[in-house]
Amino acid sequence: MNAIPATDVVYGLPPQGLAEIPAGAAQVSPLIPGSVRLEDLEAGSARSLVMLAAPGTIERRHAVALALRALGPGGRLSVMAPKDRGGARLARELRDLGCDLSEEARKHHRICTLERPAAELPLGEAIEAGAPRHIENLALCTQPGVFSWDRIDPGTALLMAHLPALSGEGADLGCGLGVLARAVLASDKVTGLALLDIDRRAVEMARRNVGDPRATFRWADVRDAEIERGALDFVVMNPPFHDGGSEDQALGQTFIRRAAEALRPGGVLWLTANVHLPYEAGLNAAFRSVTLRASANGYKVFEARR
């Protein structure tokens, strides 16, 4: 891809009051659909960058290194994270990348501020460590930061073990790396499968992993994505229940409602979830019949029919 010029940049949604974000700053988070790719910013093009850093160490160091690459000499970087989700390590990680900085604590966050030095910085290792790669034992293209990026999620594995051969038009809501989609597309009766995910990196990896002309891919937030009502024969999903690192059971409930809206009468939802998540009431409210098909190792699988 061609490099994209930028001036002021913001990564994610920093809490209000922790940093001043210039008007018109380009959003570069992979978790905000429609954002510019941080990887594509022209080196040295940014004059400021404000970042809410990710909790995962590899992902966070990767994004910070890309941010430093994008900043011009003297460019201002303000990066923050909750103390218990990477914030306590931010200052050390930035110093390891050759930066002098100031650090403060506010609203349970650590905030590091610095001016990008003119000297060349040791960014290559962190950028490479967080880049897309192929994991041989999984036979998957993946990237740190994507859900279950280095293993098959056990909930997804349980769902695949009990999933029947599906048919018709369907969707995988929150598709991740495309593991579940590949299992669905093993049925030659499936005529089409739409894969949606809020994480751009997941969609990019799913494109690589799902080599099937029946599949289409969308970088979208399922909560507000345009989904045709009553058009689908089936939906499969392992819905998220964390938002910004905190548990949010409403996310899964929203996924259930969106699935119900998308399904035709008689259409079926196959869902996997942690056993502690109280999805039964939402399923029973939105579907004509709900059947627990499996429960093992802390996960459960439901078949719900419109």
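Nothing here was measured: the structure is a model prediction, and the numbers come from that model.
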Any residue meeting side-chain contact (heavy atoms from CB on, under 4.5 Å) with Pro144, in chain and number order, not counting sequence neighbours: Ile58, Arg133, Trp149

pair Leu97-Leu68: side-chain heavy atoms closer than 4.5 Å: yes

For the student: nearest non-hydrogen atoms of Ala206 and Gly176, plus distance: CB-O, 3.7 Å

Pairing residues for Arg223 by the salt bridge (charged side-chain N to carboxylate O under 4.0 Å, His left out) criterion, not counting sequence neighbours: Asp221, Asp243

Glu93: partners by salt bridge (charged side-chain N to carboxylate O under 4.0 Å, His left out), with sequence neighbours left out: Arg60

Residue Glu228 excluded, over 12 heavy atoms near CD under 6.0 Å: no

Distance, nearest 0.5 Å, that separates CZ of Arg116 from CG of Leu49: 12.0 Å

Distance in Å, Leu159 CG paired with Arg293 CZ, rounded so as to fall on 0.5 Å steps: 12.5 Å

Hydrophobic cluster (4.5 angstrom, side-chain heavy atoms) - remaining members for Ile32: Leu13

Salt bridge (Lys or Arg N to Asp or Glu O under 4.0 Å): pairs with one or both residues in residues 169-190, sequence neighbours excluded: none

Verify same cluster id: Leu193, Val235 (apolar side-chain graph, 4.5 Å): no

Distance (rounded to the nearest 0.5 Å) between Leu158 CG and Asn238 CG: 10.0 Å

Intermediate values then yes/no, side-chain contact (heavy atoms from CB on, under 4.5 Å), His62 and Ile127: CA-CA 5 Å; His62 175 73; Ile127 291 174; 4.3 Å; yes

Steps toward side-chain contact (heavy atoms from CB on, under 4.5 Å) verdict (Trp270, Val184): CA-CA 11 Å; Trp270 282 88; Val184 169; over 6 Å; no

Leu251 CG to Ile256 CD1 distance, which is reported to the nearest 0.5 Å: 11.0 Å

Side chain to side chain, Pro239 and Leu271, heavy atoms closer than 4.5 Å: yes

Met80 side chain reached by Val50 side chain, heavy atoms, under 4.5 Å: yes

Hydrophobic cluster identity match, Leu114 and Leu90, side-chain contacts under 4.5 Å: yes

Whether Asn209 side chain and Leu140 backbone form a donor-acceptor pair below 3.5 Å: no

Within-4.5 Å side-chain heavy-atom neighbours: Thr113 and Ser78: yes

Heavy-atom pair with the smallest gap, counting every atom of Ala181 and Val210: CB-CG2, 4.2 Å

Asn297 CG: over 12 foreign heavy atoms closer than 6.0 Å: no

Neighbour count above 12 (heavy atom, 6.0 Å) for Glu125 CD: no

Shortest non-hydrogen separation from Val275 to Ser295 and the atoms involved: CG1-OG, 4.0 Å

Check: Thr7 side chain, Ala46 main-chain N or O, donor-acceptor pair, under 3.5 Å: no

Main-chain N/O of Ile111 paired to Arg106 side chain as donor or acceptor, under 3.5 Å: no

Candidate pair Gln253 and Tyr279, rule side-chain contact (heavy atoms from CB on, under 4.5 Å), full reasoning: CA-CA 7 Å; Gln253 301 288 4; Tyr279 290 161; 3.7 Å; yes

Heavy-atom closest pair, residues Thr272 and Tyr299: OG1-CB, 4.5 Å

Which atom of Ala65 lies closest to which atom of Leu123, heavy atoms considered: O-CD1, 3.6 Å

Rounded distance (nearest 0.5 Å) linking atom OG1 of Thr142 with atom CZ of Arg201: 9.5 Å

Ser148 side chain reached by Leu177 side chain, heavy atoms, under 4.5 Å: no

Side-chain heavy-atom pair Met205, Cys141 within 4.5 angstrom cut-off: yes

Working for side-chain contact (heavy atoms from CB on, under 4.5 Å), residues Val222 and Met237: CA-CA 11 Å; Val222 170; Met237 63 185 187; over 6 Å; no

Same apolar cluster: Ile135 and Leu180, side chain cutoff 4.5 Å: yes

Main-chain N/O of Tyr11 paired to Ser29 side chain as donor or acceptor, under 3.5 Å: no

His108, NE2: over 12 other non-hydrogen atoms inside 6.0 angstrom: no

Greater than 12 external heavy atoms within 6.0 Å of Asp100's CG: no

All side-chain contact (heavy atoms from CB on, under 4.5 Å) counterparts of Glu39, not counting sequence neighbours: Arg37, Leu66, Gln143, Arg200

Sidechain-backbone polar pair: His276 side chain, Asn274 backbone, donor-acceptor under 3.5 Å: no

Distance in Å, Leu38 CG paired with Gln27 CD, rounded so as to fall on 0.5 Å steps: 10.0 Å

For Thr216 against Ala194, the heavy-atom pair lying closest together: OG1-CA, 3.5 Å

Those residues that, when tested against Glu261, pass salt bridge (charged side-chain N to carboxylate O under 4.0 Å, His left out) (two or more places apart): Arg229, Arg258

Donor-acceptor contact present, side-chain Arg214 to main-chain Val190, <3.5 Å: yes

Side chain to side chain donor-acceptor pair (under 3.5 Å) involving Arg218 - partner list, sequence neighbours excluded: none

Expected output: side-chain Trp219 to main-chain Ile198 donor-acceptor under 3.5 Å: yes

For Ala202, side-chain contact (heavy atoms from CB on, under 4.5 Å) partners two or more places apart: Val146, Asp197, Asp199

Which atom pairs, donor and acceptor, lie under 3.5 Å between side-chain atoms of residues 281-290 and protein residues at least two apart or in another chain?
from, atom 1, to, atom 2, distance (Å)
Asn284, ND2, Glu280, O, 3.0
Arg288, NE, Arg306, O, 3.2
Arg288, NH2, Arg306, O, 3.1

Shared hydrophobic cluster, Leu277 / Leu269 (ILVMFWY, side-chain heavy atoms < 4.5 Å): yes

All side-chain contact (heavy atoms from CB on, under 4.5 Å) counterparts of Lys83, not counting sequence neighbours: Ala105, Arg110

Step-by-step side chain to side chain donor-acceptor pair (under 3.5 Å) determination, Asp8 to Ser48: CA-CA 5 Å; Asp8 299 309; Ser48 74; 2.6 Å; yes

Counterpart residues, salt bridge (charged side-chain N to carboxylate O under 4.0 Å, His left out), relative to Asp233 (two or more places apart): Arg264

ILVMFWY cluster, Val79 and Leu31 together (side-chain gap under 4.5 Å): no

